[in-house]
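Note that the coordinates shown come from a computational prediction; the quantities given were computed from them, not determined experimentally. Numbers here simply count residues along the sequence, with the first being 1. Just so it is clear, the values below take in all heavy atoms, side chains as well, and ignore hydrogens, waters and symmetry mates. Counting starts at 1 for both ligands and their atoms, following the listed order.
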Amino acid sequence: MNFAILVLPQKAQAIRKQLEKCDLLDKRRKLQKFSGKDEVAIPVKTSDMSILAKHIDQTEHNILLMEIDLPLSKAEMIETPAEKLKRAVNHLLKENGFHDNDTEKLIHEVPDHWEKHGDLILLPCNAFRSASWRCLSPSVWQTVGCALKCNRIARQATVSTDCFRSPQVELLLGDNGIVLHKDNGISYTYDITKCMFSSGNITEKLRIAAFDCRGETVVDLYAGIGYFTLPYLVHAGAKHVHACEWNRYALESLVQNLELNGVKEKCTIHAGDNRKLQLRGIADRVNLGLIPSSEDGWAIACQLLQPAGGQNNSSSCGRQFDFKVQSCQPVHSLYMFENKSDDGSSCSRGDNSFQDFSGLAAISPHDNDIQRPPERSLHSLAMIPENKLSYPSVMSDGRNHKDNTNRTWQSCETKTSWSRWGQYVCKALQNLLQKEHGGLWSAAVLHIQHVKSYAPHIDHLVLDVRCSPQVSQSLPGT
Ligand SMILES: C[S@@+](CC[C@H](N)C(=O)[O-])C[C@H]1O[C@@H](n2cnc3c(N)ncnc32)[C@H](O)[C@@H]1O
């Protein structure tokens, strides 16, 4: 029931203000002037006249309280898409004879959020799950399509654990799942029912887009539809990307996406198992984007890195690379994804852009006691702003030095489990590199990125590692 008080027009604004001040004005509804009656109805939240009387100046006239449904205010009239969807589905349930109790339960399965891929709406996996919805198919999907103004509806399921990372998307309305997705100036087309597309990884795509890879040869070991291959080529300026992929549907999309974005000539696709790649020593940078772990690809990644070191910033700017200056060591970056469990004890879940990996030194070739961290002992690190972020860079003789951005490594006592994971990865890579290329190598964590949390104890982490071959002190001119 809705109520209003009737007041004289000349008093209406003053009384409205008084009501607003004491939170008795019903803002969901509009004031209304009654033509011919010379009265204005002001919507109020209470039907208790004594409460109203306490707050309104009644000296000049009497106030009349009445039950009335005044028109909704403008803000109330604007329905969100989620409200619209719920209203449409509610109507459908009623039309089909569902009782109020059942309707109330079923409405909880109508989602508030979804992904939009062109004219296709991808519903979350818990949407419309009860058996009752099946009886209402296809009219329920037509209703959803109509409410959300789209022609195709699909429902998300968990990405399968098979090695192709196949999505388990179910098409509910429409005859195909091919979509066109655009972000950060890059177009991706793919079949949503056959290839995975993680919109949650947008922060990583943006981070890669901001890398300076000019002059670099990059290998993307798990290219998929080109989710990272394309930002390397389109925005980071990589000279060439070798993209590895073994899922034929992802490969089809990858080819299309390279063409779509005009970078086909700069990419070589390697179809098949990346562990069988015959290439070696070609890469400045290797991208390992596989969850839950890319560990299977570490050996091949090390094989792919150039033995004498890759491009560094100085050479990409056209300056002569100089082996004599240690701070201009050629560098490699391995870029990898991991999903890690954590014990949640000190997890910080706010801004995840910059993680403090203080206390984590580069692994020198002489560190042999790094253990794999226990799976459930990982938790996040304290945050530090970007201007305080510094690179650990310890050479094989243990000396600290400034990196070429002139930021010094801050030592800190706090050892966290993420940093232990970083150390474990660095040590493993260093061993692999020494075995593969010979000589001494150092491996250092450049950055640890928390991408997202899948569950309270499962975090998606990305680690940037810089691997450098150590120059012998006896090289001519050193
Ligand atoms: C996480 S998915 C795709 C990630 C990709 N960056 C994207 O979002 O489009 C990983 C991809 O690696 C591929 N893959 C997994 N193991 C592989 C292997 N040993 N060789 C080649 N491709 C592999 C899968 O088929 C899948 O498309």
Worksheet item: Taking the inter-plane angle between the rings of W141 and F128 on a 0 to 90° scale, is it parallel (under 30°), tilted (30 to 60°) or perpendicular (over 60°)?
Response: perpendicular
Discussion item. On a heavy-atom basis, which atom in I202 and which in Y227 lie closest, and how many Å separate them?
Written reply: N-OH, 3.5 Å
Response to the item:
Under 4.0 Å between heavy atoms, the region of C195 that gets near ligand 1 turns out to be neither
Fill in: Option of least heavy-atom distance to atom 18 (C) of ligand 1 (set: N274, T229, L251)
N274
Worksheet, complete the sentence: A student checking ligand 1 against G272 at a 4.0 Å heavy-atom cut-off should list atoms 20 (N), 21 (C)
Discussion item. As an exercise, identify every atom of ligand 1 less than 4.0 angstrom from a heavy atom of L290.
Written reply: 10 (C), 15 (C)
Worksheet entry | L304 side chain reached by L277 side chain, heavy atoms, under 4.5 Å | yes
Worksheet item: Between the side chain of Q278 and the main-chain N/O of K276, is any donor-acceptor distance below 3.5 Å?
Response: yes
Worksheet item: Are side-chain heavy atoms of E79 and R87 found at a separation under 4.5 Å?
Response: yes
Worksheet item: By number and element, which atoms of ligand 1 are closer than 4.0 Å to a non-hydrogen atom of N247?
Response: 25 (O)
Worksheet item: Counting from 1, what ligand 1 atoms have a heavy atom of F228 closer than 4.0 Å?
Response: 6 (N)
Worksheet entry | Element-labelled atoms of ligand 1 that are located less than 4.0 Å from some non-hydrogen atom of D273 | 18 (C), 19 (N), 20 (N)
Worksheet item: Is the closest heavy atom of G297 to ligand 1 under 4.0 Å?
Response: no
Worksheet entry | Under 4.0 Å to a heavy atom of I225 - the qualifying atoms of ligand 1, by number | 9 (O)
Worksheet item: Is the H181 ring parallel, tilted or perpendicular to the Y190 ring (thresholds 30°, 60°)?
Response: tilted
Item to complete: Locate the shortest heavy-atom distance separating L122 from W114; write the atom from each residue and the value.
Response: O-CB, 3.4 Å
